[in-house]
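Everything below concerns the one structure shown next.
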Amino acid sequence: MNKTKKGVFALPFMVIITLLQTTISLLPGVLFLRDSSRGPAILTYMVIYLLLSDFFQLIGKASYKKGSFIPIPIYAVKLVISCVFIFLIAQQTAYQFAVILLAYELFQLLIFSKQFFYIDSIFYSLLNAFFKGIVFNQLLTINYPFNYNFSLIKPFIFAFALILFVTILTQGMYSFLSRHTWFFILAILSLGLLYYLLITQFMAHETVLWKLILFILCNAGALYFFIKSKNARKKELLLNIFALISLFIYYF
């Protein structure tokens with residue numbers, strides 16, 4: 001009976017987390033769509049592509065925590081569908097982003113590998129934050145013809161640091177190798193990076209005081225309930241809601 005109840009509530013939870021994570025990945029870029037020549041044309045493709053990817057990542061992490069892995073043939077079906085959307089996105093933008101999105105598919109494939117224990121790796125933390133904090137947002141905001149400038153990364157550094165913090169805390173919950181202490185230390189360091197970034201920007205008059213105060217209050221509340229809660233799903237939901245609210249505070 002308990003297993004049945006868990007199965008019933010698992011799917012709605014996964015759908016909610018998937019929706020939150022996709023929104024988190026694209027929110028900064030959507031807010032900059034007015035400055036983009038091709039962003040609106042690929043937004044629908046990006047949303048569907050990331051919903052599919054985020055849902056499979058959740059399945060992969062849940063399986064990894066139990067020491068099991070999704071069969072590669074099942075993932076192959078997802079890969080074929082993803083490639084269709086990568087092709088549609090590349091048609092509207094540039095082939096360079098098709099290469100980057102294919103690299104993201106390789107990143108996801110490693111999650112389902114039995115050899116690398118990838119979710120217990122710092123490389124997963126960094127690459128997940130890089131793709132979701134920077135790459136996807138730039139895909140929506142870069143103007144075409146394609147002419148890249150590294151200064152375009154700057155608006156999305158906060159999103160990268162925030163997603164890095166949330167990713168690391170989440171990894172601690174899914175760790176198969178029981179590296180909870182390691183991820184706790186990394187989470188403190190990434191949180192320090194977030195505050196360093198915000199305070200530096202405030203000192204340089206690049207952000208306003210009320211945003212800094214709201215973020216501190218939001219962060220304090222999220223950490224309080226995160227530590228207090230014993231339910232892993234509630235913790236993950238809380239982290240994603242915190243990330244979404246923080247992005248609204250920073251980018252609005």
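Everything quoted here is computed from the prediction, not taken from an experiment. Values reported hereafter were calculated over all heavy atoms of this structure, with side chains retained and with hydrogens, waters and symmetry mates removed.
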Practice item. Kindly indicate, with the supporting measurements, whether the criterion side chain to side chain contact (heavy atoms under 4.5 Å, CB included) is fulfilled by L189 and I168. Key: CA-CA 10 Å; L189 292 174; I168 289 171; over 6 Å; no

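- Interatomic distance, CD1 of I42 versus CG of L140, reported as 5.0 Å (0.5 Å rounding).
- Here the side chains of L198 and F158 are in contact, with some heavy-atom distance below 4.5 Å.
- Taken to the nearest 0.5 Å, the CD1 atom of I24 stands 6.5 Å off from the CG atom of L247.
- Y251 and L209 fall within a single hydrophobic cluster, where Ile, Leu, Val, Met, Phe, Trp and Tyr side chains are chained together by heavy-atom contacts under 4.5 Å.
- Between S25 and F136 the shortest heavy-atom distance is O-CB, 4.1 Å.
- One hydrophobic cluster holds both L19 and L11 under the rule that ILVMFWY side chains link at heavy-atom gaps under 4.5 Å.
- Nearest heavy-atom pair, T200 versus Y196, reported as atom, atom and distance to 0.1 Å: OG1-O, 2.6 Å.
- Of the possible polar contacts, none joining the S229 side chain to the F225 backbone as a donor-acceptor pair under 3.5 Å is found.
- Side-chain contact between I16 and N240 is absent, with no heavy-atom pair separated by less than 4.5 Å.
- In this structure, the side-chain hydrogen bond (donor to acceptor under 3.5 Å, both in side chains) partners of S125, at least two apart in sequence or on a different chain, are Q171.
- Under the 4.5 Å side-chain criterion, counting only non-hydrogen atoms from C-beta, K154 is in contact with E206.
- Closest non-hydrogen pair, A232 versus M173, comes out as O-SD, 3.7 Å.
- A 4.5 Å side-chain heavy-atom check between F242 and S246 finds at least one atom pair inside the cut-off.
- Residues K228 and K235 form no side-chain contact, since every pair of their non-hydrogen atoms from C-beta on lies 4.5 Å or further apart.
- The CG atom of L101 lies 10.0 Å from the SG atom of C83; values are rounded to the nearest 0.5 Å.
- The structure places CG of L238 at 11.0 Å from CG of N231, a figure rounded to the nearest 0.5 Å.
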Exercise for review: Could you walk me through whether I48 and T44 pass side chain to side chain contact (heavy atoms under 4.5 Å, CB included), step by step?
Suggested key: CA-CA 6 Å; I48 297 172; T44 301; 4.1 Å; yes

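- Looking at K211, its side chain does come within 3.5 Å of a backbone N or O of F252 through a donor-acceptor pair.
- Hydrophobic clustering keeps V99 apart from L127 (ILVMFWY residues linked when any side-chain heavy atoms are closer than 4.5 Å, directly or through intermediates).
- Looking at Y250, its side chain never comes within 3.5 Å of a backbone N or O of P28 through a donor-acceptor pair.
- Of all the heavy atoms in G133 and A159, the pair that sits closest is O-CB, 3.7 Å.
- For the pair L223 and L191, the minimum side-chain heavy-atom distance is below 4.5 Å.
- Residues that satisfy the side chain to side chain contact (heavy atoms under 4.5 Å, CB included) test with A129, not counting sequence neighbours, are F160, I163, L164.
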Donor-acceptor pairs are to be reported for all side-chain atoms of residues 212-221 against protein atoms at under 3.5 Å, with residues two or more places apart or in another chain.
unit_1	atom_1	unit_2	atom_2	d
N219	OD1	Y195	OH	2.8

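- Note on I74: it clusters hydrophobically with V77, by side-chain heavy-atom contacts below 4.5 Å among ILVMFWY residues.
- Taking CG of L239 as the reference point, atom CG of L162 lies at 10.0 Å (rounded to 0.5 Å).
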Under 3.5 Å, side-chain donor or acceptor atoms of residues 49-59 against the rest of the protein: list the pairs with distances, not counting sequence neighbours.
unit_1	atom_1	unit_2	atom_2	d
Y49	OH	E105	OE2	2.6
S53	OG	Y49	O	3.0
S53	OG	K78	NZ	3.4
S53	OG	Q108	OE1	3.4
D54	OD1	K132	NZ	2.9
D54	OD2	T22	N	3.3
D54	OD2	T22	OG1	2.8
Q57	OE1	Y124	OH	3.2
Q57	NE2	Y104	OH	2.8

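- Hydrophobic cluster membership of F184, counting Ile, Leu, Val, Met, Phe, Trp and Tyr whose side-chain heavy atoms lie under 4.5 Å apart directly or via other members: I188.
- In this structure the side chain of F165 reaches within 4.5 angstrom of the side chain of L169, judged on heavy atoms.
- The shortest non-hydrogen separation linking N137 to L27 is OD1-N, 4.3 Å.
- The side chain to side chain contact (heavy atoms under 4.5 Å, CB included) check on L88 picks up Y45, V84, F85, Q91, with sequence neighbours excluded.
- Inter-residue side-chain proximity for S190 and T167 is flagged as unmet; no heavy-atom pair is nearer than 4.5 Å.
- The distance from the CG atom of L20 to the CG atom of L244 is 6.5 Å, given to the nearest 0.5 Å.
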